[in-house]
Amino acid sequence: MKTKIIKVQNDKLEANDLKDIKKAFEDGKLVVFPTETVYGLGANGMDEEACKNIFIAKGRPVDNPLILHIGEISQLEDLVEEIPKVGEDLISIFWPGPLTMILKRSKLISDVVTGGLDTVAIRMPSHPIAREILKEVKLPIAAPSANISGRPSPTSFKRVLEDLDGKVDIIVDGGRANYGIESTVIDLTVTPPMILRPGGVTLEDLRLIIPNIAVDKTTIDSNDKSIPKSPGQKYRHYAPKAECYTFAGNLENIVKEINKRIAQNKNKKIAVLATAESLDGYEGADLVINLGSRENLVEVASNLFEALRECDDQDIDIIYAEGFDLVGIGAGIMNRLLKASSGKIVFGL
Ligand code: TXA
Ligand code: MG
């Protein structure tokens, strides 16, 4: 199929384009649009056939459920059985924004969306283009990240095009996504509520509302072999073609360890994912990527997936990544590195 590209200037869609996007969703077509986290591959969440096509376009396992995106809180009523009080509190503080809530599903929602679960994931994105589209379309839009399943999520139009050109009807080019890692997923159907995927809204933020909040240990502990509560977390994810290793602990020790490993693998093409603070400390790597300063982890998060894809572009064999403390958005970054490394994280350096 020929993919239509809609370019957006200054975060404001032309009236004609907005009309075309609305029509496309109503006709069961696939539309990629930017959100504040990563680009999403959207379809009408109430149209089972359209949702099935999302799985085909991405090559996504069918037991990995989709997030429904809404533009107005009033849409929730039809989609869920009930909204607990804590949900209302979270909505008032974090929506629109990078927080996805798992709630008891209503009967109207298809098993294709929920992967057969009796719960549904819902979020209200804050990106101005996403908001404009969702408010105009007025349908819940099912949208996973706009990548081929297993690849790093796309944070720019260029990366969307790489994965999905010819596989979707429309791609909306809205520039860079600013968080760079996906929304935090929180399950409100269990007591206490549990974080299933760390992301843009941090554990520390959520603790202010839910002091006893739980975290699914598999999101960060590579030794925990239990099955993740969020189906998507069990798959190898965010995976560059290269073998990836992550090192956490004292920064000086991390640099030493990575330099040692570079020296031991002279015949391999090696990339280091570094930070501004340590950038000059590496010797002999083929590529050293600066993810940004450790003082600004949001910047680091926003550069992470692009860095992994850059390593693919350069045919890197091994990636050595610096780790981060599990504080703030650092937990989300480490979760993505854990998946990219298939659990090969060395802690405690
Ligand atoms: O930031 C984001 O959330 C992006 C943008 C596009 O909104 N979307 C995104 O979607 O990351 P996706 O499909 O790549 O990830 C959704 C995650 C998966 O890990 C999935 O298993 C989980 O949410 N999920 C969806 N429904 C669920 C449910 N009912 N129970 C538990 N986990 C669920
Ligand atoms: Mg994804």
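No experiment lies behind these values; they were computed from the predicted model shown. Both ligands and their constituent atoms are indexed starting at 1 by order of listing.
- For ligand 1, the atoms lying closer than 4.0 Å to a non-hydrogen atom of G40 are 6 (C).
- The single protein non-hydrogen atom nearest to atom 28 (C) of ligand 1 is I102 CD1, 3.5 Å, given as residue, atom name and distance.
- When each atom of ligand 1 is checked for a heavy atom of A121 under 4.0 Å away, the hits are 25 (C), 26 (N), 27 (C).
- Listing protein N, O or S atoms at distances below 2.8 Å from the Mg ion (ligand 2), with waters left out, gives S145 OG.
- Between R151 and D163 a salt bridge is recorded (basic side-chain N to carboxylate O distance below 4.0 Å).
- For atom 7 (O) of ligand 1, the closest non-hydrogen atom on the protein side is H69 NE2, 2.7 Å.
- Residue P231 places a heavy atom less than 4.0 Å from ligand 1.
- T100 and R197 form no side-chain donor-acceptor contact under 3.5 Å, judged by distance and modelled atom types alone.
- Between K229 and ligand 1, a contact under 3.5 Å exists for no N or O pair.
- In this model, a donor atom of one side chain and an acceptor atom of the other lie less than 3.5 Å apart for S153 and E182.
- Residue Q314 places its CD atom among more than 12 non-hydrogen atoms of other residues, nucleotides or ligands, all under 6.0 Å distant.
- For the residue pair D205/T202, the side-chain donor-acceptor check at 3.5 Å is satisfied.
- No path of Ile, Leu, Val, Met, Phe, Trp and Tyr side chains, each step under 4.5 Å between heavy atoms, connects F347 with V327, placing them in separate hydrophobic clusters.
- Regarding atom 22 (C) of ligand 1, its nearest protein heavy-atom neighbour is S230 OG, 3.1 Å.
- Close approach to N64 involves these atoms of ligand 1, each under 4.0 Å from a residue heavy atom: 18 (C), 20 (C), 21 (O).
- A salt bridge does not link K85 with E88: every distance from a Lys NZ or Arg NE/NH1/NH2 to an Asp or Glu carboxylate oxygen is 4.0 Å or more.
- Each of the atoms 6 (C), 8 (N), 10 (O) of ligand 1 lies under 4.0 Å from some heavy atom of A143.
- Defined by atom type and a distance below 3.5 Å, a donor-acceptor pair is present between the side-chain atoms of S341 and T246.
- For T37, every heavy-atom contact with ligand 1 shorter than 4.0 Å involves the side chain, none the backbone.
- Atom-to-atom distance recorded for N290:CG and D280:CG is 9.5 Å, nearest 0.5 angstrom.
- Protein heavy atom at the shortest distance from atom 15 (O) of ligand 1 is R197 NH1, 3.1 Å.
- Distance from atom 16 (C) of ligand 1 to its nearest protein heavy atom, with residue and atom name: I67 CD1, 3.6 Å.
- The residues R105 and D111 are annotated as salt-bridged, a charged nitrogen and a carboxylate oxygen being separated by less than 4.0 angstrom.
- Smallest separation of non-hydrogen atoms from N44 and F25: CB-O, 3.6 Å.
- A donor atom on one side chain and an acceptor atom on the other are not found under 3.5 Å apart for R309 and S156.
- The ligand atoms of ligand 1 that sit less than 4.0 angstrom from a heavy atom of S145 are 8 (N), 9 (C), 10 (O), 12 (P), 14 (O).
- Numbered from 1 in the order shown, with element, the atoms of ligand 1 that lie under 4.0 Å from a heavy atom of T119 read 28 (C), 29 (N), 30 (N).
- One finds a salt bridge joining K12 and E132 here, because a Lys/Arg side-chain nitrogen approaches an Asp/Glu carboxylate oxygen to under 4.0 Å.
- No more than 12 heavy atoms of other residues, nucleotides or ligands shown are found within 6.0 angstrom of CD1 on I227.
- In this structure, the protein non-hydrogen atom closest to atom 3 (O) of ligand 1 is S183 OG, 2.5 Å.
- K256 forms no cation-pi arrangement with F247, by the criterion of a distance under 6.0 Å to the ring centre and an angle within 45° of the ring axis.
- For ligand 1, the atoms closer than 4.0 angstrom to any heavy atom of L117 are 28 (C), 29 (N), 30 (N).
- Contacts between R60 and ligand 1 below 4.0 angstrom, taking non-hydrogen atoms only, involve the side chain exclusively.
- For ligand 1, the atoms closer than 4.0 angstrom to any heavy atom of L196 are 31 (C).
- Backbone and side-chain nitrogen or oxygen atoms of T114 are examined, and none is located within less than 3.5 angstrom of a nitrogen or oxygen of ligand 1.
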